[in-house]
S.K.: 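Take a look at this one; I'll ask things after.
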Amino acid sequence: MSTHLGGTSRLTYSLNTVPSPLATGRPVHLDIVASNSGVEAVLCKQILVVIPTGGLAQDLVPAGARVVPTAAPSEQWTIDEIENGVILTLPRDETAAFTPGGREGTPVTVRPASGESVSLTTHGLLLRLKDFKANDAAGTALLRIRETVSVDEGVTWETNEVTVPLAKYPPTEALTADTVGDLVLRETDADGNPGSTPVTMLRTGQKAVLTWTAPSDATCDVYYGGEHAGPFTGQDKWRFPVADLTRDTQFQIQVTLRRAGDTLTRYLSTTVVVEEHTVPNLIVDKITPGGARKNGHEHQVLTIDGAVIVEQEAHVFGTLYGGHQLLTVGDRLQANKGIGTTKLDYIHESTSEATTTVE
């Protein structure tokens, strides 16, 4: 989520939050990107980020909470929380030079008047602030970013400040993972109630139930196996019975909510494996075996180790080949009743009618 900034600055700042929007009393992760969108090089001595602390609606971090900051590229910048909620970022050289926008491929030379050493920043600066929670009060906090920069090669320095508004919502409004999520397949008891242990593999005929978390005013659509179930609404405990699965199946649930006049959509998914697959119809367009084995016509073949049992009918279009005892069927072999033999040869000759020898 990029946020509109208030104030003026030489560098351009963009901010992203996880989650978006922020939820009160929940973990927060902030990413701040600084770069130069102007037409002249910007020297930077420091960037200071001030996070309002306390328990009020206009605060973000509870008083005394620690923030773990990192900066990238780390070989050019150092970063530390110098006091509660105050993050200081410094270039490892005396200054850092942000190259101007629209000058890609053009050499940039920066020589500060003071003769200080300079590191050239061509990919921007990424500040990451994590491992802390927002306070419990819904409201809008103002994050302040203060830069010390120069646009005349260090002859004069200026300090500029921008503010970033960060809204905090109650978890049910922010749609955190514990509000919409936790999609699990569970085995059912004799009364159809979900058990406590999730299952990832079902036996043949085993019944189960999908459970997930969503507000009671949500609309939920369930998609699986090419089917669409729903929409479902008005449930405090979201459940969807699952039975008679014949193959591995992916479930996807679309959760739709109306919040503050906007339509919000979240997607949940999980997959279950079935021990024994039942395939009512199988169409194979192409088989590429692991080896290089081919038949007499140089066609790739599918090799099955073991037996193949066909309960009703088997239709073969083409030539049927046998094993070591030789069964080769070409154009025609018809037996309305069984052939009790120890050897059966069917010899196909293209210039004459086929013959059958039975011993």
Side-chain angles (χ1 to χ4, degrees), residues 1-9 11-35 44-92 96 124-149 158-182 213 215 259-260 266:
M1 178 190 69
S2 295
T3 307
H4 295 292
L5 305 177
T8 59
S9 64
L11 297 176
T12 302
Y13 298 92
S14 181
L15 185 141
N16 183 72
T17 69
V18 178
S20 178
L22 299 181
T24 56
R26 296 293 190 272
V28 175
H29 185 118
L30 301 180
D31 285 344
I32 302 172
V33 177
S35 60
C44 178
K45 276 191 174 182
Q46 72 172 31
I47 296 177
L48 193 72
V49 179
V50 180
I51 304 173
T53 62
L56 302 178
Q58 59 267 35
D59 297 323
L60 178 61
V61 183
R66 297 292 298 176
V67 176
V68 178
T70 59
S74 58
E75 66 273 12
Q76 292 184 353
W77 298 87
T78 65
I79 189 170
D80 191 24
E81 185 181 25
I82 57 176
E83 59 181 88
N84 189 212
V86 180
I87 311 299
L88 177 62
T89 306
L90 299 172
R92 291 189 181 274
L125 168 64
L126 171 61
L127 308 179
R128 285 185 165 168
L129 314 178
K130 58 183 181 178
D131 291 347
F132 66 97
K133 291 184 179 181
N135 66 15
D136 294 327
T140 301
L142 294 180
L143 190 77
R144 290 184 292 150
I145 303 174
R146 186 181 304 160
E147 63 180 19
T148 302
V149 295
E158 59 189 67
T159 299
N160 306 309
E161 183 174 297
V162 294
T163 58
V164 185
L166 293 177
K168 301 169 294 172
Y169 294 85
T172 55
E173 300 297 318
L175 303 184
T176 56
D178 57 350
T179 303
V180 177
D182 196 26
T213 302
R259 290 291 184 271
R266 297 290 186 271

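Values below: all heavy atoms of this structure, side chains included; hydrogens, waters and symmetry mates excluded.
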S.K.: Please tell me if the side chains of Leu166 and Val28 come closer than 4.5 Å, counting only heavy atoms from C-beta onward.
M.R.: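 No; the side chains remain at least 4.5 Å from each other.
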
S.K.: To the nearest 0.5 Å, what is the distance between CG (Asn16) and CG (Leu126)?
M.R.: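 Asn16 atom CG to Leu126 atom CG measures 10.0 Å (nearest 0.5 Å).
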
S.K.: Indicate every side-chain donor-acceptor pair of residues 83-90 with a distance under 3.5 Å to a residue at least two apart or in another chain.
M.R.:
from  : atom 1 : to    : atom 2 : distance (Å)
Asn84 : OD1    : Gly64 : N      : 3.0
Asn84 : ND2    : Ala65 : O      : 2.7

S.K.: Output every pair passing salt bridge (charged side-chain N to carboxylate O under 4.0 Å, His left out) with a member in residues 50-64, not counting sequence neighbours, ordered by first then second residue.
M.R.: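 Non-adjacent pairs meeting salt bridge (charged side-chain N to carboxylate O under 4.0 Å, His left out): zero.
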
S.K.: Could you state the interatomic distance from CG (Leu125) to CD1 (Ile79), rounded to the nearest 0.5 Å?
M.R.: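 Going from CG on Leu125 over to CD1 on Ile79, the span is 7.5 Å.
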
S.K.: Check side-chain contact (heavy atoms from CB on, under 4.5 Å) between Ser74 and all other residues, then give those that pass, not counting sequence neighbours.
M.R.: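 Counting only residues at least two positions away or on another chain, Ser74 forms no side-chain contact (heavy atoms from CB on, under 4.5 Å).
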
S.K.: Looking only at non-hydrogen atoms, find the nearest pair between Trp77 and Pro91 and report the distance.
M.R.: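 So the minimum-distance heavy-atom pair works out to CE3-N, 3.5 Å.
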
S.K.: Can you pull out every side-chain hydrogen bond (donor to acceptor under 3.5 Å, both in side chains) where at least one residue sits in residues 129-143? Sequence neighbours excluded, please.
M.R.: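 Sorted result for residues 129-143: Asn135-Lys168.
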
S.K.: How far does OG1 of Thr163 sit from CG of Leu142, to the nearest 0.5 angstrom?
M.R.: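 Those atoms lie 5.5 Å apart.
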
S.K.: Measuring from atom CG of Leu129 to atom CG of Leu143, what distance do you get when rounded to the nearest 0.5 angstrom?
M.R.: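 Result: 7.5 Å between the selected atoms.
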
S.K.: Could you pull out all residues at least two apart from Thr159 that satisfy side-chain contact (heavy atoms from CB on, under 4.5 Å)?
M.R.: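 side-chain contact (heavy atoms from CB on, under 4.5 Å) check on Thr159 returns Arg146, Thr148.
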
S.K.: If every non-hydrogen atom of Ala34 is compared with every non-hydrogen atom of Tyr13, which pair is closest and at what distance?
M.R.: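 Distance-wise, the nearest heavy atoms are CB-CE2, 3.5 Å.
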
S.K.: In Å, rounded to the nearest 0.5 Å, how long is the span from OG1 of Thr24 to OH of Tyr169?
M.R.: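 One finds 12.0 Å between OG1 of Thr24 and OH of Tyr169.
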
S.K.: Got a sec, which residues hit salt bridge (Lys or Arg N to Asp or Glu O under 4.0 Å) with Arg92, two or more places apart in sequence or on another chain?
M.R.: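 Arg92 satisfies salt bridge (Lys or Arg N to Asp or Glu O under 4.0 Å) with no residue once adjacent residues are dropped.
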
S.K.: Against Arg128, only a single residue in Val68, Ile32, Asp31 fulfils side chain to side chain contact (heavy atoms under 4.5 Å, CB included); can you say which?
M.R.: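 One option only clears the test, and that one is Asp31.
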
S.K.: Provide the closest heavy-atom pair for Ala138 versus Pro170 in the form atom of the first, atom of the second, distance.
M.R.: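 Taking every non-hydrogen atom into account, CB-CD, 4.1 Å.
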
S.K.: Report, one line per pair, each donor and acceptor closer than 3.5 Å where one atom sits in a side chain of residues 45-55; sequence neighbours left out.
M.R.:
none

S.K.: With Asn160, which residues qualify under side-chain hydrogen bond (donor to acceptor under 3.5 Å, both in side chains), at least two apart?
M.R.: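 For Asn160 the side-chain hydrogen bond (donor to acceptor under 3.5 Å, both in side chains) partners, ignoring immediate neighbours, are Glu147, Glu158.
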
